[in-house]
Amino acid sequence: MSLSKREAFFKNEPPTAKFDPTTRDKLDHKMDKEKENGHPETSGKAPKELDGYVGFANLPNQVYRKSVKRGFEFTLMVVGQSGLGKSTLINTLFLTDLYSADYPGPSYRIKKTVQVETTQVLLKEGGVQLRLTVVDTPGFGDAVDNSNCWQPVTDYIDSKYEEYLNAESRVNRKTMPDNRVHCCLYFITPSGHGLKPLDVEFMKRLHDKVNIIPMIAKADTMTPDECREFKKTILNEIAQHKIKIYEFPECDDEEENKLQKKLKDRVPFAVVGSNTLVSVGGKTVRARQYPWGIVEVENLEHNDFLALRNMLVRTHLHDLKDVTNNVHYENYRYNKLASVATKGKEKAVGSKELNLETAEDEDSGEKYYSVFFSLHKYGI
Ligand code: GDP
């Protein structure tokens, strides 16, 4: 007897985390093969080269224009104990005074418990707009007892997925702001002794929800040898605890790949932040000045700041968003809808009739049918 769609769905094991970089590699491999053959693997037909000009070669330009007009949005979360230089690094990353004396970093404002604070800034570069949301977590790891201090962070990430899921299920889906957290910079104390239990616990709890990029804070406090050893220890511990950090994928261009490999090998990025401008050899640069010398922020011989910024903003911002949407959000959505569907099934068995619920959006008064949406999807 063949299974109905719904039975087939319930027969499935609950989903496990799908953040599996090898899956992405396989997909990339398939696409490469298609590129080599010059046709999709399944069709078996080579594309027909046109004699004249129809105009669809211009399609990428249409997408380009539309994207520039719409602008981009990105949400970056920074987590780590206070005083590790998170606010300074954010200012340095985006060459902006997101935090200043009038509006100091969250560590200075909120202290007692772990809180989640968001700050938004609209940045413009060469006509391209980026709506950047920085999510800070002041108080993280600062208490005597830090058990469950990751909970507000997990709740925040989930709440943004929930918001997005609800927005998707609305009747009117014209405006769907994407406030999901696309990347989490996790600051590790430059102790030279590897990860602390809190670091391991945090990353293990969050790695299926968000792209984690580990960073060594205040890298100027270590010698290059100490830093190298520290990185090795951290990577070993990450592997030992089976923590899945964000893997920077290969890009299409071979030359670019070679350059990027060198940057990728610097993970976990050991960074230095500074808001002070110093004159070095007639050039004004962001740096930290000490009696014994100057640490330049944008000098790859001094620290990995430039590698981090290039990978995060220039080359992989879109991939971070893709992985958030296709892997982490998809996992959330699957689990959520599967649980709603299971509840719906139990209800149906009890009452023989489904009572579809509607919710009302507080802002617009618009009704949305998330339960209906999920049950309907699985044929219930
Ligand atoms: P937050 O609490 O994590 O946001 O840390 P802040 O950005 O407020 O920085 C705390 C202190 O560390 C400040 O005095 C900064 O000047 C200093 N600081 C920030 N980045 C660095 C760095 O890369 N190296 C060193 N040595 N100090 C830093």
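Just so it is clear, the model here is predicted, and its values are computed rather than measured. In listed order, ligands and their atoms are each counted from 1. Starting from 1, each residue takes its place in the sequence as its number. Heavy atoms only: backbone and side chains are in, while hydrogens, waters and symmetry mates are out.
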- Do the rings of Y329 and Y164 sit parallel, tilted or perpendicular, given the 30° and 60° boundaries? perpendicular

- Query: Taking the inter-plane angle between the rings of Y290 and W292 on a 0 to 90° scale, is it parallel (under 30°), tilted (30 to 60°) or perpendicular (over 60°)?
  - Reply: parallel

- Message: What I'd like to find out is whether the side chain of Y161 reaches to under 4.5 Å of the side chain of N335, using heavy atoms alone.
- Response: no

- Assess Y290 for proximity to ligand 1: is some non-hydrogen atom of it under 4.0 Å away? yes

- Message: Is there a polar contact between ligand 1 and T221, counting only N or O atoms under 3.5 Å apart?
- Response: no

- Item | A219-ligand 1 polar pair, N/O distance under 3.5 Å | no

- Counting from 1, what ligand 1 atoms have a heavy atom of G273 closer than 4.0 Å? 20 (N), 21 (C), 22 (C), 23 (O)

Acceptor/donor pairs from residues 54-71 side chains to any protein atom, 3.5 angstrom cut, sequence neighbours excluded:
residue, atom, partner, partner atom, Å
N58, OD1, N61, ND2, 2.7
S67, OG, V63, O, 2.7

Would you give me the side-chain donor-acceptor pairs under 3.5 Å for residues 232-239, sequence neighbours excluded?
residue, atom, partner, partner atom, Å
K232, NZ, E229, OE2, 3.4
T233, OG1, E229, O, 2.8
E237, OE1, L195, N, 2.9

- Mind checking whether V272 contacts ligand 1 via backbone (N, CA, C, O), side chain (CB onward), both or neither, at a 4.0 Å heavy-atom cut-off? both

- Ignoring hydrogens, just give me the one of T88, T137, N303 whose non-hydrogen atom is nearest atom 6 (P) of ligand 1. T88

